[in-house]
2 protein chains.
Amino acid sequence: MKLSTKGHYGLKAMYDLALHYGNDPIPLKTVAERQRLSENYLEQLIATLRRAGLVKSVRGAQGGYILARSPEDITVGDVIRVLEGPIAPLECVSEEYLGDCDQFHYCISRNVWTKVRDSIVEVLDSISLADMCREAEEIKQSRK
Amino acid sequence: MKLSTKGHYGLKAMYDLALHYGNDPIPLKTVAERQRLSENYLEQLIATLRRAGLVKSVRGAQGGYILARSPEDITVGDVIRVLEGPIAPLECVSEEYLGDCDQFHYCISRNVWTKVRDSIVEVLDSISLADMCREAEEIKQSRK
DNA sequence: AAAAATCCCTAGTAAAAAACTAGGGATTAA
DNA sequence: TTAATCCCTAGTTTTTTACTAGGGATTTTT
């Protein structure tokens, strides 16, 4: 039940873009440094996010990446689905399952994992990047 | 965010033992056949469950395995923790974390994963093997 | 025009984990 | 004594993970 580094690092990167959201694109190098991630590896992750339409890129000097939508309109669930695939502890409980498990219709353990999936989905879809930024801000304030 | 076959198969085996819970131990071969699992592999999983005190074994002919406690008193969470380790999408949100992530105290993405963990834990700890058996019974009834 | 800063793409790789398989030993009931 | 079990551990294959490497394309700056 572990998240891979794709989801882990990818969310950090998206959070970083959200924290610095504005008119200017942010070079990946900067994100990688701030979040302490390998730039080359992050490049692969952000390519996936770009193809999925969650970030836009600007090429050339002074280029970089920028969120395709407002941080308010991107949820953690959006990011994780793109990087980790369908949210589901088992394949047979993914929303897009077309499989052929012959116990599909009465598998009791499957029902358990469906409930787990639903509870994960509810959490991930309820948190936006903007929520994360606000939380960071609150922590910052409470330390003053 | 995938469960491994350990948790998957292990839960099926425990559910099978719960369905047939009584005075007699159940040979692993029977469980493996009913749940369509490799007996050799299942042996390794049940050894882990036995060492953790969730099942008892009876050796020799007519031997087998039996739940160490009533199905009412064993939750899915118990089984999964034994087979998959601490429930946590990331190491740093496991209950036993002693690590040294320097962002530990203010990491926002960590807060997200803590919420996910809590929601998974709540589901897994709220379902007992007996609940699973009851659900199976209901499905059976509703088909008549 | 040249140089520098970026994004873009793909192939390769090393390490780890997952998912078993295999087989022999110990114990106990029939 | 035999057969049915559990018990244990070593080995293997496959898959996944988590990168690294490097060259090309595009755009801004000098």
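These values consider heavy atoms only, across backbone and side chains, with no hydrogens, waters or symmetry-generated copies. Below, chain A is the first sequence line, B the second, and so on; all start at residue 1.
Computed from coordinates, the B:L28 CG to D:dC8 P distance equals 14 Å when rounded to whole Å. Distance CD1 (B:I66) to P (D:dC6): 13 Å, rounded to an integer number of Å. Here the C1' atom of nucleotide C:dA22 and the CD atom of B:E39 are 13 Å apart, to the nearest Å. We find that CG of A:D24 is positioned 13 Å from P of C:dC7, with the value rounded to whole Å. Between the P atom of D:dC6 and the NZ atom of B:K29 lies a distance of 10 Å, rounded to the nearest Å. With rounding to whole Å, B:E84 atom CD is found 11 Å from C:dA18 atom C1'. To the nearest angstrom, P of C:dA19 lies 5 Å from OH of B:Y41. Put simply, CD on B:Q62 is 14 Å from C1' on C:dT27, counting in whole angstrom units.
Ranked by how close their nearest DNA chain D nucleotide is to the 5' end, B:G60 and B:N40 are led by B:G60.
Checking C:dC7, C:dA26, D:dA18 against the side-chain heavy atoms of B:R59 singles out C:dA26 as nearest. Distances from the side chain of B:A61 to the nucleotides D:dC7, C:dC7, D:dA4 place D:dA4 closest.
A sub-4.0 Å separation between OP1 or OP2 of C:dT21 and a side-chain N or O of B:S38 is present.
Applying the side chain to side chain donor-acceptor pair (under 3.5 Å) criterion to B:S57, with sequence neighbours excluded, gives no partner residue. B:R36 is linked by a salt bridge (Lys or Arg N to Asp or Glu O under 4.0 Å) to A:D102, counting only residues two or more places apart in sequence or in another chain. Every residue meeting the side chain to side chain contact (heavy atoms under 4.5 Å, CB included) condition with B:Q141, not counting sequence neighbours, appears here in chain and number order: B:E137, B:K144.
For the segment residues 45-57 of chain B, the set of residues with a heavy atom within less than 4.0 Å of an atom of DNA chain C is empty. Using a 4.0 Å cutoff on non-hydrogen atoms, no part of residues 5-18 of chain A comes near DNA chain C.
For C:dC7, the base has no donor-acceptor partner in the side chain of A:E43 [N/O atoms by modelled type, under 3.5 angstrom]. Applying the 3.5 Å distance criterion, the base of D:dT20 shares a donor-acceptor pair with the side chain of A:Q44.
Geometrically, A:R50 does not engage A:Y65 in a cation-pi contact, judged by NZ or CZ lying under 6.0 Å from the ring centre and within 45° of the ring axis.
Hydrophobic cluster of B:V58: no remaining members, since no ILVMFWY side chain lies below 4.5 Å from it.
Between the A:T48 side chain and the A:Q44 main chain, a donor and an acceptor come within less than 3.5 Å of each other.
Salt bridge A:R134/A:D131: present, at least one basic N to carboxylate O contact under 4.0 Å. Residues A:R110 and B:E135 are not paired through a salt bridge, judged by the lack of any N-O separation under 4.0 Å between the basic side chain and the carboxylate.
The minimum heavy-atom distance between A:P89 and A:V116, with the atom names listed, is CG-CG1, 4.1 Å.
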